[in-house]
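Take a look at the structure below.
Every number for a ligand or one of its atoms is a count from 1 in the order of the listing. Below, all heavy atoms of this structure are taken into account, side chains as well, without hydrogens, waters or symmetry copies.
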Amino acid sequence: MTTVPFFDLKRQFSLFRGEVLSEIASICDAQAFVLGPRVEEFERAIEILCGGGHAVGASSGTDAELLILMALGIGPGDAVITTPFTFFSTAGCIARLGAKPVFVDIEPETFNLSPEKLALCLNEECGIDEVGVRTRDGLRVKAVIPVHLFGLCCRMDEIRAVCARYNLPVIEDAAQAIGAEYPSSNGIRRAGGMGEFSYFSFYPTKNLGAFGDAGLAIAQDEKLAKRMKILRNHGMDPLYYHDLLGGNFRLDALQAAILLKKLPLLAGWSNRRNQIAQYYRREFADFAPELRLPAEPYRDQLGERGHIYHQYVVRTAKRDRLREHLNNSGIGTAIYYPVSLNHQKCFAELHARPFPESELAAREVLALPIFPELEDDEVKLVVDTVSAFFKN
Ligand SMILES: Cc1ncc(COP(=O)(O)O)c(C=O)c1O
C-alpha cells in the first residue's frame with residue numbers, strides 16, 4: 001500500500017474539474033480540434049512567459065525538438081552536441097534524423113551540461129574549416145542542446161559564450177523547466193527564452209501538464225518559426241503543395257485549452273514545490289555528505305525563482321538501499337535516469353568514451369515525492385523515513 005505517492009494527478013484535477021470540463025465541452029461544441037485559435041492563444045501566452053520569440057505548438061516535446069532540428073536541416077553527415085544525462089528523446093531525435101548525438105559530460109552538482117567540458121570538446125575534439133565546426137570523424141557540428149534538468153537552468157551565459165565562439169545555435173531543452181529563471185549578465189531570463197531555439201514538453205506529469213501529449217517549440221527567428229509551422233503540417237504550404245518534407249506534429253485545440261486554464265496556476269504550484277524543497281533542505285542538512293541535496297546556484301540572486309523543482313533529486317552511494325527502505329514504508333520514488341545515454345544499446349557506436357559524471361549520477365540519483373498537492377504530513381513522513389534510514 002502506498003502511503004505517499006510519487007505523484008497524484010487526480011488531486012490537481014479535482015481542484016479545477018468543473019472549469020476544465022466546461023472548456024472541453026466548448027471545444028466539443030465547436031467541433032474544431034486541430035490547431036486553431038486556442039493553440040494560437042496558448043502560443044502567445046508562452047511567448048510572453050518566456051520573454052519573446054515565436055512559439056509553435058506541437059504534438060509533444062519530442063516533436064517540438066524534431067521540428068527545430070528539421071527546420072535547421074539537420075540530417076546525415078551532421079552532429080549535434082548534448083548531454084548523456086537526460087531523457088532519451090533529447091538525443092533520440094538527433095539520431096532519428098540520421099545525425100549523430102555527440103555527448104558532453106555534466107556538472108556533478110547540477111546534473112546539467114558542463115560549459116567547461118563543452119569548450120574542451122569543441123577545442124580539442126573538433127576542428128574548424130571554411131564551412132564550420134567538424135568532429136574528428138568529419139561530421140559537421142550543427143547545434144548544441146543544453147537541458148535544464150529537473151527544473152534548474154544550465155549556466156547559459158557560459159554555454160552561449162562558447163557557442164558564439166563557434167557560431168553554433170543553442171537549442172534549449174526546457175521540457176522540465178517551464179517558468180524557471182536564470183540570472184544572466186543581461187538581466188533575469190526565463191527557460192526557453194535564452195537560446196536561438198527552445199522546446200517544452202507538456203506531458204501530463206510535467207509542472208504544466210496536458211491531458212495527453214503536447215509540446216511547444218520557440219524560435220527567435222521569425223522566418224525559421226514560419227518554416228517550423230509549415231513542417232508541423234506535413235510541410236504543406238499552400239494546401240496540398242509540399243516544397244518541404246514535414247510530418248504531422250500539430251497541437252490539438254483540446255490540449256491548448258486545458259493548458260491555458262492551468263497556466264495562471266503555474267506560479268503558485270512552483271511556489272509550493274519550492275516550499276517542499278526548502279523543507280527537505282532544512283531537514284536533510286545533517287545527513288551531508290552521505291546525502292547530497294539539489295544545488296541551488298542562483299538562490300542568492302533569484303531566491304525561489306531559480307529552481308522550479310520539476311523533480312527533487314538527491315544523490316547517495318546508498319541509493320538502492322534508501323529506495324528499498326522508502327518503498328517498504330510506502331513512499332514512492334523514481335530514478336531519473338538509471339542509464340547514461342552513452343550506454344543505451346541503440347547508441348552502441350557512441351560507447352567509445354566514458355562519461356564518468358553522468359555514469360556516476362545514474363548510479364546515485366533518487367527522486368523524492370514533490371508535487372504541489374502533497375500534504376504537509378506526507379512531506380513530514382518522507383522526511384522522517386529518510387531520516388530514520390541515515391540515523392541507523
Ligand atoms: C528533458 C526532456 N526532454 C524531452 C522530453 C520529451 O518530451 P515529450 O515526452 O513531451 O515528448 C522530455 C519529456 O519527458 C524531457 O523530460
Q: Taking atom types as modelled, find out whether Tyr309 and Glu296 have a side-chain donor-acceptor pair closer than 3.5 angstrom.
A: yes
Q: Check whether any side-chain N or O of Lys100 sits under 3.5 Å from a backbone N or O of Ala95 as a donor-acceptor pair, and report yes or no.
A: no
Q. So, the side chain of Asn274 versus the backbone of His307: is there a donor-acceptor pair under 3.5 Å, distance only?
A. yes
What atoms of ligand 1 come closer than 4.0 angstrom to any heavy atom of [X]?
X	answer
Thr90	3 (N)
Gly61	7 (O), 8 (P), 10 (O), 11 (O)
Thr86	1 (C)
Asp173	1 (C), 2 (C), 3 (N), 4 (C)
Val147	1 (C)

Q | Heavy atoms of other groups near Phe7 CZ, more than 12 under 6.0 Å | A | no
(Q) Surrounding CZ of Arg96 (heavy atoms of other residues, nucleotides or ligands, distance under 6.0 Å), is the total greater than 12? (A) no
Q: May I ask you to check whether Phe42 and Phe202 place their ring centres under 6.0 Å from each other?
A: yes
Q | Test of ring centre spacing under 6.0 Å for Tyr312 and Tyr279 | A | no
Provide, to 0.1 Å, the distance between [atom] and the closest protein heavy atom, together with that atom's residue and name.
atom	value
atom 12 (C) of ligand 1	Phe87 CD2, 3.6 Å
atom 5 (C) of ligand 1	Ser89 OG, 3.4 Å
atom 16 (O) of ligand 1	Gln176 NE2, 2.9 Å
atom 9 (O) of ligand 1	Ser201 OG, 3.9 Å
atom 15 (C) of ligand 1	Ala175 CB, 3.5 Å

Region of [X] that comes within reach of ligand 1 [heavy atoms, distance under 4.0 Å]:
X	value
Lys206	side chain
Leu149	neither
Thr62	both

Q | Polar atom proximity, Asp213 to ligand 1 (N or O, under 3.5 Å) | A | no
Q) Can you tell if the side chain of Tyr166 reaches within under 4.5 Å of the side chain of Asn123, non-hydrogen atoms only? A) yes
(Q) Once you measure the plane-to-plane angle for His242 and His234, does it fall in the parallel (<30°), tilted (30-60°) or perpendicular (>60°) bin? (A) perpendicular
